[in-house]
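Worksheet for the structure shown next.
In what follows, chains carry the letters A, B, and so on, assigned in the order in which the sequence lines appear, proteins first and then strands, with residues in each chain numbered from 1.
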Amino acid sequence: MYAIVDCNSFYCSCERVFQPKWDDRPVVVLSNNDGCIISRSDEAKDLGVEMAGPYFIAKPLIEKYNVGLFSSNYNLYGDMSMRVMDTLRHLAGDRNVEVYSVDESFVNLFFLPQNKLREFAMELRHTVERWTGVAVSVGVAPTKTLAKLANGIAKKYKRQTECVAVLETGEKIAKALRITPVGKLWGVGGRSQKKLNDLGIHTGWDLRNMPEEWARKNLGGVVGVRLIKELRGEEAIVMDTYEDKKMIATTRMFGNAVTALADIKEAVATYTARTAEKLRRQNSAAGMINVFVVTNEKENRKAVNPHFRHGPTYSSHIVLPYPTSQTNELIKPAIALAEKLYREGKQYKKAGVVLSGIVPDDAIQANMFEQQKSIGRFLMEQIDNINFSMRGDVVKFASSGTKRNWKMRQDFQTPRYTTRWNELCKVS
DNA sequence: TCTGGGGTCCTAGGACCC
DNA sequence: TCTGGGGTCCTAGGACCC
C-alpha cells in the first residue's frame with residue numbers, strides 16, 4: 001500500500017504559519033513577477049478566485065473581499081518543505097519516503113498491516129501539522145494512482161474524512177472511481193480527457209474497464225496501459241529512488257520587456273550561476289548548455305493559437321569540450337550564445353539557461369587543466385557554502401551585474417523567516 | 001497594459017550502420 | 001525492370017505533472 005501526503009494549499013499555509021491573523025481568512029500567493037495565482041486557500045477558492053488565473057483578472061475580487069496577497073517566497077517554502085519531508089522520514093523511515101514535489105511525498109506502507117493503515121495515516125497528518133504548522137491530506141491505496149485518487153477525496157470531503165482517505169478494499173476503490181471524472185485522474189490531462197469523453201468514457205470506473213490493448217493503441221502506448229493497470233490495483237508505477245536530474249534549468253520572465261544586449265547578458269549570466277549551483281548541489285557536471293530568449297513579437301501568433309501570450313522562442317546550444325559544473329566555465333559559452341541570439345531592436349520578455357548532458361562530477365575525464373580545475377572546484381565550493389548558508393546570492397560573478405533592470409516584480413513579499421537571522425519572526 | 005517555472009517520460013522519424 | 005531488413009542513436013515535439 002502507498003500513501004501520498006499532500007500539503008493543503010502549501011504556499012498559503014507557509015505564509016499563514018508566520019502570520020496567523022490570516023488563518024481563517026482568504027489568502028493567495030502569486031507566481032514570480034506577480035503574474036498569476038499559484039496557491040489559494042479554501043476561503044479564496046470559495047470566493048471564486050481561479051487557480052493559475054492571472055492576477056489582474058482576479059484583482060477586483062481580491063480587493064473587494066480583502067484577500068491576503070503574497071508574492072512567492074521560495075526561500076521560505078523550500079525550507080518548510082524540508083521540514084515536512086524530514087518529519088515523514090522520521091515516522092516512516094528514510095527509504096520509504098519518495099519526495100514527489102515541493103509539497104507532496106509518496107510513502108511506502110508495506111510494513112503495516114491492513115488494520116493499521118488509517119491510524120498511521122492519521123499519525124502522519126497530525127505529526128506534520130504539530131511539528132511544522134502545515135496541514136496535510138493523506139490518501140492511501142494499493143497503487144500510486146489510486147493513492148492520488150484517495151487524496152483527492154480526502155481533500156474534497158475534508159470534514160467527513162478528516163483529511164485522510166484509505167481505499168483498502170475493491171468496493172471502496174470502485175466507489176471512488178465511479179464518482180471521479182476521468183479528467184481528474186493522475187496522468188489524464190486536457191487532451192486525453194477530451195478524447196476519452198468523445199468516446200463515451202466519463203468516469204474513472206469507465207476507464208478502468210477498458211482493455212489494455214485498447215489503451216496501448218489509443219492512450220499514449222505504454223503510458224495508457226500503465227494507467228489502466230494502476231486503476232485496477234496492479235502496481236505499474238513503483239517507488240522511485242532518488243536520482244539526479246537529467247536536465248537543470250533556470251528561466252524567468254523579465255519584470256519589463258528588455259531591449260539592451262547588456263541586460264540580456266546580465267540576466268543570462270545570473271541564471272547560469274544559479275543553474276550551476278543546482279548542478280553542483282547534486283554533484284553533477286553538464287556537457288551541454290542551451291540558452292533561449294523569448295520576444296514579444298505578436299504578429300500572427302494569436303491567429304495560430306489564441307492562448308499564445310508571447311512571441312517566438314529563439315534558442316541555441318553549445319556542446320562543451322568536457323562536462324563541467326563551474327560557473328566561470330559555463331558563463332562564457334552562455335554569454336556567447338546570448339550574443340548570438342540577440343537582435344537589435346527586438347523586445348525580450350524572457351530568457352532561460354538549460355544545462356543537459358548531465359554526468360556525475362567524479363566521472364569527469366581528466367583534462368589538461370586538471371590542476372586549474374581543482375582550484376576552481378574549491379572556489380566553487382566556498383561560494384556555494386556562503387550562498388547556501390545565506391540562502392541568497394551574496395557572492396556573485398561580476399558579469400551578473402548589480403543593476404538588474406530586468407529583475408522581476410515582487411510587490412508583496414514576506415520575510416525569509418526561517419533562513420535569515422535578521423528576518424526572524426518577532427513575537428511582541 | 002498586466003498570464004510561473006520548473007521537470008519527466010514517451011514516440012516518431014531521420015541518420016547511419018551492417 | 002528490378003532496389004532488404006534489422007538495428008542503434010539522436011532529436012524534436014507531445015503530453016503530462018506540480
Q.
By the 4.0 Å heavy-atom rule, please label Thr250(A) as base, sugar-phosphate, or nothing.
A. sugar-phosphate
Q) What closest approach, in Å, do Thr132(A) and Met80(A) show between heavy atoms, and which atom pair accounts for it? A) O-CE, 3.4 Å
Q: Whole angstrom is fine here: how far is it from CG in Asn218(A) over to P in dG14(C)?
A: 20 Å
Q. Counting any heavy atom closer than 4.0 Å, what does Gly190(A) reach on the DNA or RNA strands: base, sugar-phosphate only, or nothing?
A. sugar-phosphate
Q: Would you kindly give the CD1-to-P distance between Ile358(A) and dT8(B), to the nearest whole Å?
A: 8 Å
Q. For DNA chain C, what is the dot-bracket line, given that a base pair needs Watson-Crick (N1 to N3, plus N6-O4 or O6-N4) or G-U wobble (N1-O2 and O6-N3) geometry with both distances under 3.5 Å, and | means paired with another strand?
A. ....||||||||||||||
Q: Please work out if Leu227(A) contacts a base, only the sugar-phosphate, or nothing of the nucleic acid, heavy-atom cut-off 4.0 Å.
A: nothing
Q | Sugar-phosphate, base or nothing in reach of Val222(A), heavy atoms under 4.0 Å | A | sugar-phosphate
Q. Rounded to the nearest Å, what distance is computed from the CG atom of residue Asn296(A) to the C1' atom of nucleotide dT3(B)?
A. 14 Å
Q: Between dG4(C) and dC16(B), how far apart are the C1' atoms? Round to whole Å, please.
A: 16 Å
(Q) Can a side-chain donor-acceptor contact be found between Asp34(A) and Ser71(A) if the only test is distance below 3.5 angstrom? (A) yes
Q. Is Arg40(A) reaching over with its side chain to a backbone N or O of Ser9(A), donor-acceptor style, under 3.5 angstrom?
A. no
**Q.** Atom of Leu61(A), atom of Leu47(A) and distance for their closest heavy-atom approach
**A.** CD2-O, 3.5 Å
Q) How close or far is atom P of dT8(B) from atom CD of Glu104(A), stated in whole angstroms? A) 16 Å
(Q) On the nucleotide dT3(B), are OP1 or OP2 found under 4.0 Å from the side-chain N or O atoms that Lys349(A) carries? (A) yes
Q) Contact class for Lys278(A) (heavy atom, under 4.0 Å): base, sugar-phosphate, or nothing? A) sugar-phosphate
Q. What pair of heavy atoms forms the shortest contact from Ala52(A) to Cys36(A), and how long is it?
A. O-CB, 3.9 Å
Q.
Main chain of Val28(A), side chain of Tyr11(A): is a donor-acceptor contact present, judged purely on distance under 3.5 Å?
A. no
Q: Could you work out which one of dG4(B), dG5(B), dG6(B) sits closest to the side chain of Ala249(A)?
A: dG6(B)
Q: Report yes if a side-chain nitrogen or oxygen of Thr251(A) is closer than 4.0 Å to either non-bridging phosphate oxygen (OP1 or OP2) of dG6(B); otherwise report no.
A: yes
Q: Please test Lys144(A) against Tyr100(A) for side chain to side chain contact (heavy atoms under 4.5 Å, CB included), starting from the C-alpha separation and ending with a verdict.
A: CA-CA 11 Å; Lys144(A) 285 183 166 181; Tyr100(A) 179 67; over 6 Å; no
**Q.** Which nucleotide in dC10(B), dC18(C), dT8(B) has an atom nearest any side-chain atom of Met247(A)
**A.** dT8(B)
Q.
Rounding to an integer number of Å, can you tell me how far Asn290(A) CG sits from dG7(B) C1'?
A. 15 Å
Q. Quick one: Asn33(A) CG to dC2(B) C1', roughly how many Å, whole number?
A. 9 Å
Q: May I ask you to say what Asp103(A) touches in the nucleic acid, namely base, sugar-phosphate or nothing, with a heavy-atom cut-off under 4.0 Å?
A: sugar-phosphate
**Q.** Donor-acceptor contact present, side-chain Asn73(A) to main-chain Pro415(A), <3.5 Å
**A.** yes
**Q.** Residues from residues 54-61 of chain A lying under 4.0 Å of DNA chain B - heavy atoms
**A.** Pro54(A), Phe56(A)
Q. Starting at the 5' end of DNA chain B, which residue's closest nucleotide do you reach first, Arg409(A) or Arg226(A)?
A. Arg409(A)
Q: Using a cut-off of strictly less than 4.0 Å, decide whether Lys148(A) has a side-chain nitrogen or oxygen near OP1 or OP2 of dC17(C).
A: no
**Q.** Protein-nucleotide distance (Phe292(A), atom CZ; dG6(B), atom C1'), rounded to Å
**A.** 10 Å
Q) What nucleotide among dC18(C), dC16(C), dG4(B) has an atom nearest to a side-chain atom of Met253(A)? A) dG4(B)
Q | Donor-acceptor pair, side chain of Lys148(A) and main chain of Gly187(A), under 3.5 angstrom | A | no
Q) Below 6.0 angstrom between ring centroids: does that apply to Trp186(A) and Phe106(A)? A) yes
**Q.** Selected nucleotide, minimal atom distance to Ser192(A) side chain, candidates dC16(C), dC9(B), dT3(B)
**A.** dC16(C)
Q: Determine, stepwise, if the pair Leu330(A) / Val353(A) fulfils side chain to side chain contact (heavy atoms under 4.5 Å, CB included).
A: CA-CA 10 Å; Leu330(A) 291 164; Val353(A) 175; over 6 Å; no
Q: Nearest whole angstrom, please: distance from the P of dG6(B) to the NZ of Lys350(A).
A: 8 Å
Q) Does Ile38(A) or Gly221(A) map to a spot on DNA chain B nearer the 5' end, using the closest nucleotide for each? A) Ile38(A)
Q) Between dG6(B) and Lys245(A), is there an OP1 or OP2 to side-chain N/O distance shorter than 4.0 Å? A) no
